[in-house]
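The structure appears below as structure tokens.
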Number of protein chains: 2
Amino acid sequence: MKEELSERSKQILEAIIEDYIVTAEPVGSRTVTRRHGLSLSPATVRNVMADLEEMGYLVAPHTSAGRVPTDKAYRFYVDSLLQVNRIGRASQQAIQDRYSLTGRDVGAVLKQTSSMLSSMSHYLGIVLAPQFNTNIFRQIEFVKLSGKRLLAILVAQNGTVQNKIVETEDELGSADLIRMANYLNELLEGLTISQVKQRILAEMQNDKTRYDKLLARALELSEQTLEGVSSEVFIEGQSNIFEQPEFSEAARMKEIFRAFEEKSQLVTLLDRSLAAEGIQIFIGAETHLSQMEGMSLVTSTYMTGKHTLGVLGVIGPTRMGYAKVIPIVDYTAQLVSKLLEQE
Amino acid sequence: MKEELSERSKQILEAIIEDYIVTAEPVGSRTVTRRHGLSLSPATVRNVMADLEEMGYLVAPHTSAGRVPTDKAYRFYVDSLLQVNRIGRASQQAIQDRYSLTGRDVGAVLKQTSSMLSSMSHYLGIVLAPQFNTNIFRQIEFVKLSGKRLLAILVAQNGTVQNKIVETEDELGSADLIRMANYLNELLEGLTISQVKQRILAEMQNDKTRYDKLLARALELSEQTLEGVSSEVFIEGQSNIFEQPEFSEAARMKEIFRAFEEKSQLVTLLDRSLAAEGIQIFIGAETHLSQMEGMSLVTSTYMTGKHTLGVLGVIGPTRMGYAKVIPIVDYTAQLVSKLLEQE
DNA sequence: ATTAGCACTCGGCAATTTCGAGTGCTAATG
DNA sequence: CATTAGCACTCGAAATTGCCGAGTGCTAAT
């Protein structure tokens, strides 16, 4: 069963996949010979196709139809057959042009990125925002809103802000607030947010702070500020997927949109690419998400220096134009890395 | 042409509308007599229906089909026929239960509200966040990120935070930052954000500040922080609209989703309801948005005390269940008002 | 090993038919 | 005079049919 594919089989498989990518219709033996310059007769191609079907690379939707590539075929295609051409100057320019240079706000940049990925690829753009955890702590501030209600504001090095309304047991004066902030700012300077979390827990055990009520309070508040920070996902260009013929039935669409509304599953998926570096491709069932049946995900990580920040990519049907999408995703990741670097 | 509708005509019109609301199919004379306890023969009903059609309340999609209500009919229905029952205890409870009480963050509450409106109505939930402009200024703070890059953080009374990265011409020391913040905090205390904007402009002309470089800088920065604050819209439950038979064609769906991606148009629409108080209903063309053809919008304002904050509501097909949706929107508006009051 | 030839399959499409819900008109009715 | 029964007519939806053509697998010839 573990037979190697002959050179000819590969060519034929490639032809079928590439044809299917553009037509979205089952490909017949005839078409393979016609549209691709293979000097073979349809009959020969049919034999090869029968073999490929047996090996699980193709399926025939019904007896007298052409054949359609399986996930396995795409996997093989992406791994062995596909050669990604470098991205053209024109596309680079097009991508850059989509960024209106207004706000340098990180969130806005990422949203724009997602939207740009969608319009460049005609599929769906997706961006996972940088993990707040890996940011470097910059400053914490407390603003009194009314009575016992405080607003805690935590600023990270890259300008990301995390804020939360917290209730205190008793009213604190502004002198207290300043003292608390000063104490924390000194204590936490230069740490990453995840280190900050540890440090706070450690410090809570410390005798010095344990008996200074104000400091203890400060630690408690900062802990509250940090809890429940989940990373944001931007998905843009949902209207684009209506263009894909395979997603025209309402039932299917509904399922997909529900999946996007419930972003947590997507986060798990994206977290997997976060671990790896560079381009990652998930085809159909490889996503381990039932709603992603028939869809693929192409992602890349973006980073400052050697440090991975987040993930961005494109979601489309399994028969997406990988050759076009991969360079776009790749280049965008580099671009975003550069944009965020400056910050 | 300006004839009054007879009592009987009204009853029949009402029957047709209510039937159409649940079936989404053209209603015939037969059905009207059968499903609604009118002691009239189909023939009589037909005569009345012909009149109603002439008056523009009904249209027949084709010769031998039943009739379908027009926008005009819905308008009349909503204005004169519909009697909204008070919301039941059970629904009230159901609505409250949808709020997970975790974060008291305004944004989170509104998003949850939108999502809840959708799942309660089976249509689309929409919430326009409070106009930042009407908030009361609480405090401004500057955090130095690196070199000339500052993060300006503006906090409003209700805990809403607006932050923006700004570049300064030359590096400022932390003493400078504190002095700037103090000056602004004193200057702007107790004003609403829109007053703040005016005040800043006024103060820029003032001789005192005009020649104190630091103060001038402070004003400039705070002005930058305020520019380009647009109000947020939350739309949730997009997957729900796939259940409506009238929106099953891909082309239609695509158009609608594109409209939702481009939220600015919706904001204009919602701004109109913002001006009015209480429940507002826009039917089909009344929205003045071409993409909203065949759809209606039911909104209500939410407020603290006597002050209008924002708008929330439901978008659905024109044949939506107004009798059910209106109480839900109404009650939700009250609930949100109360929730935000506490803050 | 490759290919030409051939009988066969089956989905898609268009033409055709049937079916029934609904209509408008007219004449009978209380 | 408003109401209703009756009737011929219309027209879309759904079912039926037949045909076309792309595609297949197998066999025999090259």
Side-chain angles (χ1 to χ4, degrees), chain A residues 3-13 15-17 19-20 22-70 73 245-246 248-249, chain B residues 3-13 15-17 19-20 22-70 73 245-246 248-249:
Chain A
E3 317 173 34
E4 279 301 301
L5 288 180
S6 74
E7 198 52 42
R8 195 175 63 182
S9 309
K10 289 186 191 171
Q11 277 181 28
I12 292 177
L13 182 55
I16 293 173
I17 293 177
D19 208 76
Y20 188 71
V22 324
T23 64
E25 307 258 288
V27 187
S29 54
R30 189 75 196 298
T31 322
V32 174
T33 57
R34 192 171 359 101
R35 272 209 272 272
H36 307 267
L38 298 185
S39 50
L40 287 174
S41 81
T44 316
V45 174
R46 278 204 286 283
N47 290 329
V48 178
M49 282 166 88
D51 296 345
L52 288 172
E53 178 163 10
E54 185 152 7
M55 286 189 269
Y57 290 104
L58 298 175
V59 281
H62 59 87
T63 328
S64 80
R67 286 170 168 100
V68 167
T70 61
E246 46 263 78
S248 46
E249 325 129 66
Chain B
E3 317 172 33
E4 279 300 303
L5 288 181
S6 74
E7 198 51 44
R8 195 176 63 181
S9 308
K10 288 188 192 172
Q11 274 181 29
I12 291 177
L13 183 54
I16 293 174
I17 293 176
D19 208 75
Y20 188 70
V22 325
T23 64
E25 307 258 290
V27 187
S29 54
R30 189 77 195 296
T31 322
V32 175
T33 58
R34 191 170 1 101
R35 274 210 270 273
H36 307 267
L38 298 186
S39 49
L40 287 174
S41 81
T44 316
V45 174
R46 277 205 286 283
N47 289 330
V48 178
M49 282 166 88
D51 296 346
L52 288 172
E53 177 162 7
E54 185 152 5
M55 285 189 267
Y57 289 105
L58 298 176
V59 280
H62 59 86
T63 326
S64 79
R67 285 167 168 104
V68 166
T70 61
E246 47 263 78
S248 47
E249 324 129 65

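Since we're looking at a predicted model, the values are computed, not measured. Side chains are part of it too, since the values below use all heavy atoms of this structure and drop only hydrogens, waters and symmetry mates. In what follows, every chain begins at residue 1, and chains take the letters A, B, ... in the order their sequences are listed.
- The structure places CG of B:L58 at 7.5 Å from CD1 of B:I17, a figure rounded to the nearest 0.5 Å.
- Within residues 62-69 of chain A, the residues having any heavy atom closer than 4.0 Å to DNA chain C are, in order of number, A:H62, A:T63, A:S64.
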What are the atom names and distances for every N/O pair under 3.5 Å that joins the protein to nucleotides 1-3 of chain D?
residue, atom, partner, partner atom, Å
D:dT3, OP1, B:R8, NH1, 2.7
D:dT3, OP2, B:R8, NH1, 3.0
D:dT3, OP2, B:R8, NH2, 3.0

Give the table of side-chain donor-acceptor pairs shorter than 3.5 Å for residues 41-52 of chain A, with sequence neighbours excluded, one pair per line with atom names and distance.
residue, atom, partner, partner atom, Å
A:S41, OG, A:A43, N, 3.3
A:S41, OG, A:T44, N, 3.4
A:S41, OG, A:T44, OG1, 3.1
A:R46, NH1, A:S29, OG, 3.3

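- Taking the side-chain contact (heavy atoms from CB on, under 4.5 Å) definition, one finds that B:T23 meets it with B:D19, B:E25, B:R35, sequence neighbours left out.
- At the heavy-atom level, B:R46 lies under 4.0 Å from base atoms of the strands shown.
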Which side-chain N or O atoms in residues 63-70 of chain A pair as donor and acceptor under 3.5 Å with protein atoms at least two apart or in another chain?
residue, atom, partner, partner atom, Å
A:R67, NE, A:E53, OE1, 2.7
A:R67, NH2, A:E53, OE1, 2.8
A:T70, OG1, A:G56, O, 2.8
A:T70, OG1, A:Y57, O, 3.2
A:T70, OG1, A:K72, N, 3.3
A:T70, OG1, A:A73, N, 3.3

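- If you walk DNA chain C from 5' to 3' and mark each nucleotide with an atom closer than 4.0 Å to a heavy atom of chain A, the marks span C:dT2 to C:dG11.
- Nearest heavy-atom pair across B:I16 and B:V27 is O-CG2, 3.8 Å.
- Not counting sequence neighbours, the partners of A:P245 by the side-chain contact (heavy atoms from CB on, under 4.5 Å) test are A:A24, A:R319.
- In DNA chain D, runs of at least 3 stacked Watson-Crick or G-U pairs (N1-N3 plus N6-O4 or O6-N4, or N1-O2 plus O6-N3, all under 3.5 Å) give these stems: C:1-30 with D:1-30.
- Not counting sequence neighbours, B:T31 has no partner by the side-chain hydrogen bond (donor to acceptor under 3.5 Å, both in side chains) test.
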